[in-house]
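To keep things clear, I will list the structure first and then write my remarks on it.
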Amino acid sequence: MIRFFTEDIQFNLPQKVPTRQWLTALAKREGFTVGELNYIFCSDDYLLQVNREYLDHDYYTDIITFDNSEEEGRLEGDIFISIDRIHDNAQQLKVVEEQELRRVLAHGVLHLCGYGDKTEEEARLMRQKEEESLATWNARSLNATGD
């Protein structure tokens, strides 16, 4: 089950049911099932505190993923996403905010599937997987509207 929560901000994720289906399909393509995934949308300041408290990092980030998986092949975790960072990243990258949000949603699942982004090679593979995920979302959206 994939659930969506907010902390310290007002935010309503559009298209919750299709988003759950899309993320579940992403996990399945990577050979995983989804157990309990919690997405927590929050502010920069909230996520900075999480970053400091749990990871000893003192910087802003768009996402922090906590892997709570206990069973091989089954994804469980808490994924914190800063809506402030999504907004700023979208402006910097000159993309629509929803596209940036979807990229980060997929990024969290990909981390839980074992993809990293610390090295240049890992980051390149992560970006490729994110782009593939966005393509499936876009294809799904086109099919849903009949375009």
Side-chain angles (χ1 to χ4, degrees), residues 1-30 32-69 74-120 122-145 147:
M1 168 173 267
I2 299 174
R3 296 184 296 181
F4 304 104
F5 302 95
T6 58
E7 285 290 340
D8 86 328
I9 62 167
Q10 292 289 328
F11 177 76
N12 190 24
L13 177 71
Q15 301 180 309
K16 286 182 178 77
V17 171
T19 299
R20 284 185 185 101
Q21 294 168 342
W22 171 66
L23 292 168
T24 300
L26 168 57
K28 186 176 181 179
R29 279 194 311 277
E30 294 297 329
F32 292 86
T33 60
V34 173
E36 188 171 317
L37 283 185
N38 298 309
Y39 280 89
I40 302 95
F41 302 107
C42 58
S43 69
D44 266 352
D45 290 337
Y46 187 92
L47 198 52
L48 178 60
Q49 275 310 115
V50 171
N51 213 5
R52 287 174 176 159
E53 186 174 336
Y54 294 98
L55 302 176
D56 286 327
H57 297 159
D58 192 19
Y59 53 81
Y60 292 110
T61 186
D62 53 0
I63 185 169
I64 296 177
T65 304
F66 292 100
D67 187 347
N68 302 329
S69 303
R74 185 173 170 88
L75 302 183
E76 306 232 356
D78 296 315
I79 301 170
F80 291 82
I81 295 176
S82 167
I83 295 302
D84 296 329
R85 285 296 94 219
I86 297 299
H87 176 74
D88 290 351
N89 289 350
Q91 285 184 331
Q92 288 177 359
L93 298 169
K94 295 180 178 32
V95 298
V96 177
E97 269 186 58
E98 185 177 349
Q99 179 181 334
E100 179 62 9
L101 174 62
R102 301 247 171 242
R103 183 189 67 76
V104 176
L105 288 166
H107 187 94
V109 168
L110 291 166
H111 267 315
L112 292 174
C113 290
Y115 293 96
D117 55 8
K118 299 295 184 217
T119 69
E120 195 173 307
E122 287 176 341
R124 189 171 19 84
L125 180 56
M126 177 67 87
R127 294 296 165 258
Q128 176 188 330
K129 291 291 184 175
E130 290 169 1
E131 290 302 319
E132 290 170 8
S133 299
L134 286 172
T136 63
W137 173 263
N138 292 335
R140 170 183 288 237
S141 297
L142 283 175
N143 290 336
T145 61
D147 292 343

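For this chain, numbers begin at 1 and follow the sequence in order.
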*So how far is it from Ile83 CD1 to Asp88 CG, rounded to the nearest 0.5 Å?*
11.5 Å
*Are Thr19 and Leu13 side-chain neighbours, meaning at least one heavy-atom pair lies under 4.5 Å?*
yes
*Which value, rounded to the nearest 0.5 Å, describes the distance between Glu7 atom CD and Asp45 atom CG?*
13.5 Å
*Please report the shortest heavy-atom distance between Glu97 and Ile86, naming the atom on each side.*
O-CG2, 3.8 Å
*Donor-acceptor under 3.5 Å (Gln128 side chain, Arg124 main chain)*: no
*Looking only at non-hydrogen atoms, find the nearest pair between Ile81 and Leu105 and report the distance.*
CD1-CD2, 3.8 Å
*Should the pair Phe41 and Phe11 be assigned to parallel (<30°), tilted (30 to 60°) or perpendicular (>60°) ring geometry?*
tilted
*Closest heavy-atom pair and its distance - Ser43, Asp8*: OG-OD2, 2.6 Å
_Students often mix this up, so state it plainly: with edges at 30° and 60°, are the rings of His111 and His107 parallel, tilted or perpendicular?_
perpendicular
*Would you indicate whether Lys16, at its atom NZ, is surrounded by more than 12 heavy atoms from other residues, nucleotides or ligands within a distance under 6.0 Å?*
yes
*Flag the pair Arg74 and Glu76 as a salt bridge only when some basic side-chain nitrogen lies within less than 4.0 angstrom of an acidic carboxylate oxygen.*
yes
*asked:* side-chain hydrogen bond (donor to acceptor under 3.5 Å, both in side chains) for Ser133 and Arg102? Distances and angles first, verdict last.
replied: CA-CA 9 Å; Ser133 299; Arg102 301 247 171 242; over 6 Å; no
*Check each of Trp22, Tyr39, Phe32 against Val109 using the side-chain contact (heavy atoms from CB on, under 4.5 Å) test, and report the only one that passes.*
Tyr39
*Determine whether more than 12 heavy atoms belonging to other residues, nucleotides or ligands lie under 6.0 Å from atom CZ of Phe5.*
yes
_Main-chain N/O of Tyr46 paired with Gln49 side-chain donor or acceptor, under 3.5 Å_ = no
*Any Trp137 side-chain heavy atom under 4.5 Å of Leu23 side chain*: no
*So, are Lys129 and Asp117 salt-bridged, with charged N and O less than 4.0 Å apart?*
no
*Compute whether any side-chain donor of one residue and acceptor of the other, for Asn51 and Asp58, lie under 3.5 angstrom apart.*
no
*Apply the test side-chain contact (heavy atoms from CB on, under 4.5 Å) to residues Glu36 and Asn38: give CA-CA distance (whole Å), side-chain angles for both, the deciding distance (0.1 Å), then the verdict.*
CA-CA 7 Å; Glu36 188 171 317; Asn38 298 309; 3.5 Å; yes
*Kindly determine whether Leu37 and Met1 satisfy side-chain contact (heavy atoms from CB on, under 4.5 Å), including the steps that lead there.*
CA-CA 6 Å; Leu37 283 185; Met1 168 173 267; over 6 Å; no
*side-chain contact (heavy atoms from CB on, under 4.5 Å) between Leu47 and Thr61, intermediate numbers included*: CA-CA 7 Å; Leu47 198 52; Thr61 186; 3.9 Å; yes
*asked:* Nearest 0.5 angstrom please: Glu100 CD to Gln91 CD, how far?
replied: 11.5 Å
*Would you give the length of the straight line joining atom CG of Leu134 to atom CZ of Arg127, rounded to the nearest 0.5 angstrom?*
11.0 Å
*Do Arg103 side-chain atoms and Glu130 backbone N/O form a donor-acceptor pair below 3.5 Å?*
no
*Could you walk me through whether Ile79 and Ile64 pass side-chain contact (heavy atoms from CB on, under 4.5 Å), step by step?*
CA-CA 6 Å; Ile79 301 170; Ile64 296 177; over 6 Å; no
*Value rounded to 0.5 Å, distance of SG in Cys113 from CE in Met126*: 9.0 Å
_Reported CG-to-CD distance for the pair Leu112 and Glu30, which is rounded to 0.5 angstrom_ = 11.5 Å
*Of all the heavy-atom pairs spanning Val34 and Thr24, show the shortest one and how long it is.*
CG2-CA, 4.0 Å
*Starting from the C-alpha separation in whole Å, work towards a yes-or-no answer on side-chain hydrogen bond (donor to acceptor under 3.5 Å, both in side chains) for Asp44 and Ser82.*
CA-CA 5 Å; Asp44 266 352; Ser82 167; 2.6 Å; yes
